[in-house]
Protein chains: 2
Amino acid sequence: MVMRAGRGVLPGIGKCTPQTSGLHDTSVFDMTTQMMIELIAVLTAVRDDVPQVMTIDHGRLLPSGPLESTHRSLQAGVRAWVERQTGHPIGHVEQLYTFADHDRLLATGQGRLIAISYLALTRSHAGETGWRDWYDYFPWENCKTDEGRDCLAIIERLLCRWVADMGNAAVRVRQWQRCVSLFAIGDMVVWNDELVLQRYELLYEAGLVAEAGCAPENAVPGQAMHHDHRRILATGMARLRAKIRYRPVVFELMPEEFTLLQLQRVMESLSGIHIHKQNFRRLIMQQQLVEETGGIEENTGGRPARLYRFCGEVRQARQFVGTKIPLFQP
Amino acid sequence: MVMRAGRGVLPGIGKCTPQTSGLHDTSVFDMTTQMMIELIAVLTAVRDDVPQVMTIDHGRLLPSGPLESTHRSLQAGVRAWVERQTGHPIGHVEQLYTFADHDRLLATGQGRLIAISYLALTRSHAGETGWRDWYDYFPWENCKTDEGRDCLAIIERLLCRWVADMGNAAVRVRQWQRCVSLFAIGDMVVWNDELVLQRYELLYEAGLVAEAGCAPENAVPGQAMHHDHRRILATGMARLRAKIRYRPVVFELMPEEFTLLQLQRVMESLSGIHIHKQNFRRLIMQQQLVEETGGIEENTGGRPARLYRFCGEVRQARQFVGTKIPLFQP
DNA sequence: TGGCTTATACTCAATATGAGCATAAAGGGC
DNA sequence: GCCCTTTATGCTCATATTGAGTATAAGCCA
């Protein structure tokens, strides 16, 4: 991501003698606490119009491993881990979040575990194991399907009961407002597909999600994961849903050539939202994100469709131009 | 940020026994490398319509300190550091980026330094030391002022010379394209205020910025900082410029009551871009982000202005609603 | 052939946005 | 008071964008 030609690397902290001043008098580091760095990847691909995430341990863990001294950078470490596990190179990699809460202690109890999570995108995966559907973990996020809508109906009932059991009336009102706005209960509020993490955390607070080791009686559908990996997956999903709206990252997930409907279906499955077909085409075309390859896809089930390819190379000159996608509600 | 009532904390990694599988066989951590965590804050406030950043060491370092074992979380650590140095509580805190490149070695050469940077916003600061103007460090980012435009003219000349000296013609074209799109050279490209970091890194590659310890002959105006703190400041500025467009974070920087022109001037100084006054008012009002206090500001130099306050409390219910700001080009 | 599918082109109304005009209400100099 | 400057605030208008729908094209299959 950071390019460093010309004058070598940016000035590193270790290269200079420590700076001291009145305000910075604690620049001597606390050497007594052991630290460990874990790298965690939310590696996403799309197969058959279904977003998938790479997992290990039978779908209960995200690919992850410690930062090793041979890794040149954090991103290189993530790339090394992911490519070792998937076999092919990753396109887009971006940092998600760094966690180090007080409960993240090492097994010894003497040190701290810092987890740095990344979102990674890759194109295809033929016959590899470990891929799971996004919506196995978050069925309620897939509002396009009946299953997702059923799950939301269940959630609505459970949240209603959760709020009703609260003592304070003011708290009840406030928490119900939160439920309404996050899950778009009623028709005053529209569904916001980017709030994956906030919805998961609300369900967690309400004691409605199962995680490995502890499953409440009335748990919402959705597969559990170990540690906080499901929360990290939620973070990655939210980031990707936000990003596809203003950066052309979808194309990292597409094959070399694709039809516009294929592109639309991928966007829809990522966001869990319907898109108006004609408007989608209009916006994609007028932004000149794609160009015709000349080829034609025959197996559309109807009239054959033109094939397109991403013409990002041309656009890299005027980089960071942003993509507009007509993602709206049904 | 993450709320955790109801069922206690999310499952911590240290609480479970290690998971192993075919793919995850390196879950034994590399204990030989020493790690240190440094927390760095880009603390921003606005005074007299000028964005400022909190510094130490005579403006050459951002407030920073090691993660201590008493800190409950990373964010708590940053809050502790910042509040210790500024004296009053911070409103908004969000993580920026985690750095751990290979050149970030400890003084001993045996370990690694991980820097976790945060963006923090605070309201006012009466008579505290350490505050510096954003644009002392990045004069070219302030396109509103003549000084900024002069600085951009200098940069344009220097970049032109830098590109001209390159050997390969194809590389010359590509790099000049990059200069053009990042610095909006000519009138085919519009200035994008969010590319603070990319512009800094281009200048760095071109060997045009001075950093403490090494100042090239033909350096661009702008104060240097130690280590990579100026790059971290650029990251924070970019994040804030991006965020004010779609989240009502500006109000964290405003006093309790303000006029609409004051609000506009703060937005303008943060983004370095002019705003059409009437359209700005229209958008702010129609989003119901503010409400009249009933008070009136007399010292406007013209007709007295109504005072407003942020009515975020009402809006927290339907949270994450997004703000639209008419930021455009002159 | 008609009936199904999907692809692609085009229209239309509602809304949003950029830009400007006009008036209101203060202070200051005379 | 009158004129001038300054800022505040209300309103208009042309254009661009967006949501939604209609119409036609071109394949398959019974």
Side-chain angles (χ1 to χ4, degrees), chain A residues 48-49 187 190-193 245-246 257-269 271 273-309 321-330, chain B residues 48-49 187 190-193 245-246 257-269 271 273-309 321-330:
Chain A
D48 300 330
D49 298 334
D187 18 280
V190 292
W191 178 263
N192 184 337
D193 61 286
R245 284 172 184 268
Y246 64 98
E257 302 193 351
F258 48 84
T259 70
L260 291 185
L261 184 60
Q262 281 165 3
L263 181 64
Q264 179 183 345
R265 291 224 192 289
V266 169
M267 298 269 326
E268 286 180 329
S269 63
S271 62
I273 275 178
H274 274 294
I275 303 178
H276 181 108
K277 188 170 174 171
Q278 294 92 323
N279 292 347
F280 177 78
R281 295 171 56 88
R282 174 173 64 188
L283 227 49
I284 294 294
M285 298 306 286
Q286 84 184 19
Q287 286 175 104
Q288 298 180 287
L289 287 169
V290 297
E291 60 186 5
E292 285 190 47
T293 67
I296 280 186
E297 169 69 54
E298 301 280 359
N299 305 321
T300 57
R303 171 175 167 176
R306 297 183 197 158
L307 285 170
Y308 293 85
R309 76 166 67 88
V321 243
T323 328
K324 284 178 294 183
I325 302 292
L327 284 172
F328 55 92
Q329 319 310 323
Chain B
D48 300 330
D49 298 334
D187 20 279
V190 291
W191 177 263
N192 184 338
D193 60 288
R245 284 173 184 268
Y246 64 98
E257 302 194 350
F258 49 84
T259 70
L260 291 185
L261 184 60
Q262 282 165 3
L263 181 63
Q264 179 183 344
R265 291 224 191 288
V266 169
M267 299 270 325
E268 286 180 328
S269 63
S271 63
I273 275 177
H274 273 295
I275 303 178
H276 181 108
K277 188 170 175 173
Q278 294 92 323
N279 291 348
F280 177 78
R281 295 171 57 88
R282 175 174 63 189
L283 227 50
I284 295 294
M285 299 307 285
Q286 85 184 18
Q287 287 177 103
Q288 298 181 287
L289 287 169
V290 297
E291 61 187 5
E292 285 189 46
T293 67
I296 280 187
E297 170 69 51
E298 300 280 0
N299 306 322
T300 58
R303 171 175 167 176
R306 298 184 196 157
L307 285 171
Y308 294 85
R309 75 167 67 87
V321 243
T323 327
K324 284 178 294 183
I325 302 293
L327 284 172
F328 56 91
Q329 318 311 323

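FYI, side chains are in, hydrogens and waters are out, and symmetry mates aren't considered; it's all heavy atoms of this structure.
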Mind calculating the distance between [atom1] ([X]) and [atom2] ([N]) to the nearest angstrom?
X	N	atom1	atom2	answer
Gln286(B)	dG10(D)	CD	P	14 Å
Leu283(B)	dC11(D)	CG	C1'	16 Å
Phe280(A)	dT18(D)	CZ	P	14 Å
Arg281(B)	dT7(D)	CZ	P	14 Å
Met285(B)	dC11(D)	CE	P	12 Å
His274(B)	dG18(C)	NE2	C1'	16 Å
Asn279(A)	dT11(C)	CG	C1'	12 Å
Glu297(A)	dG27(D)	CD	P	14 Å

**Message:** Strictly below 4.0 Å: does Arg306(B) bring a side-chain N or O up to OP1 or OP2 of dT9(D)?
**Reply:**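 So the side-chain polar atoms of Arg306(B) do come within 4.0 Å of the phosphate oxygens OP1 or OP2 of dT9(D), strictly under.
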
**Prompt:** For dT7(D), does OP1 or OP2 lie under 4.0 Å from any side-chain N or O of Lys277(B)?
**Reply:**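 For dT7(D), OP1/OP2 do not have a side-chain N/O of Lys277(B) under 4.0 Å.
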
**Phe280(B) side, atom CZ; Gln264(B) side, atom CD - distance, nearest 0.5 Å** =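 Those atoms lie 5.5 Å apart.
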
**Message:** Show, in sequence, the C-alpha distance, side-chain angles and deciding distance for Ile284(B) and Leu263(B), and conclude whether the side chain to side chain contact (heavy atoms under 4.5 Å, CB included) test is met.
**Reply:** CA-CA 10 Å; Ile284(B) 295 294; Leu263(B) 181 63; 4.1 Å; yes

**Asked** After noting the C-alpha distance and the side-chain angles of Leu307(B) and Phe258(B), does the key distance pass the side chain to side chain contact (heavy atoms under 4.5 Å, CB included) rule?
**Response** CA-CA 5 Å; Leu307(B) 285 171; Phe258(B) 49 84; 5.5 Å; no

**Request:** Just call it for Arg282(A): base, sugar-phosphate, or nothing, with non-hydrogen atoms closer than 4.0 Å on any strand.
**Result:**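 Base: the residue Arg282(A), judged by heavy atoms under 4.0 Å, touches a nucleobase.
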
**Request:** Check the pair Asp49(B) / Val266(B) against side chain to side chain contact (heavy atoms under 4.5 Å, CB included), numbers first and verdict last.
**Result:** CA-CA 5 Å; Asp49(B) 298 334; Val266(B) 169; 4.2 Å; yes

**Message:** Counting C-beta onward and ignoring hydrogens, is there a side-chain heavy-atom pair between Gln262(A) and Glu297(A) closer than 4.5 Å?
**Reply:**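 Yes, at least one pair of side-chain atoms sits under 4.5 Å.
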
**Request:** Evaluate whether atom CZ of Arg309(A) has more than 12 neighbouring non-hydrogen atoms of other residues, nucleotides or ligands under 6.0 angstrom away.
**Result:**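 Result for CZ/Arg309(A): enclosed.
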
Sort me out a list of protein N/O and nucleotides 23-27 of chain C N/O pairs below 3.5 Å, or just none if empty.
{"residue": "dA24(C)", "atom": "O4'", "partner": "Arg303(B)", "partner atom": "NH1", "Å": "3.4"}
{"residue": "dA24(C)", "atom": "N3", "partner": "Arg303(B)", "partner atom": "NH1", "Å": "3.2"}

**Request:** Apply side chain to side chain contact (heavy atoms under 4.5 Å, CB included) to Arg245(B) and Asp193(B), showing your working.
**Result:** CA-CA 11 Å; Arg245(B) 284 173 184 268; Asp193(B) 60 288; 2.5 Å; yes

**Prompt:** Taking the nucleotide of DNA chain D with the closest heavy atom to each, which residue, Gln278(A) or Leu261(B), is nearer the 5' end?
**Reply:**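 Its nearest nucleotide lies further toward 5', so the answer is Leu261(B).
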
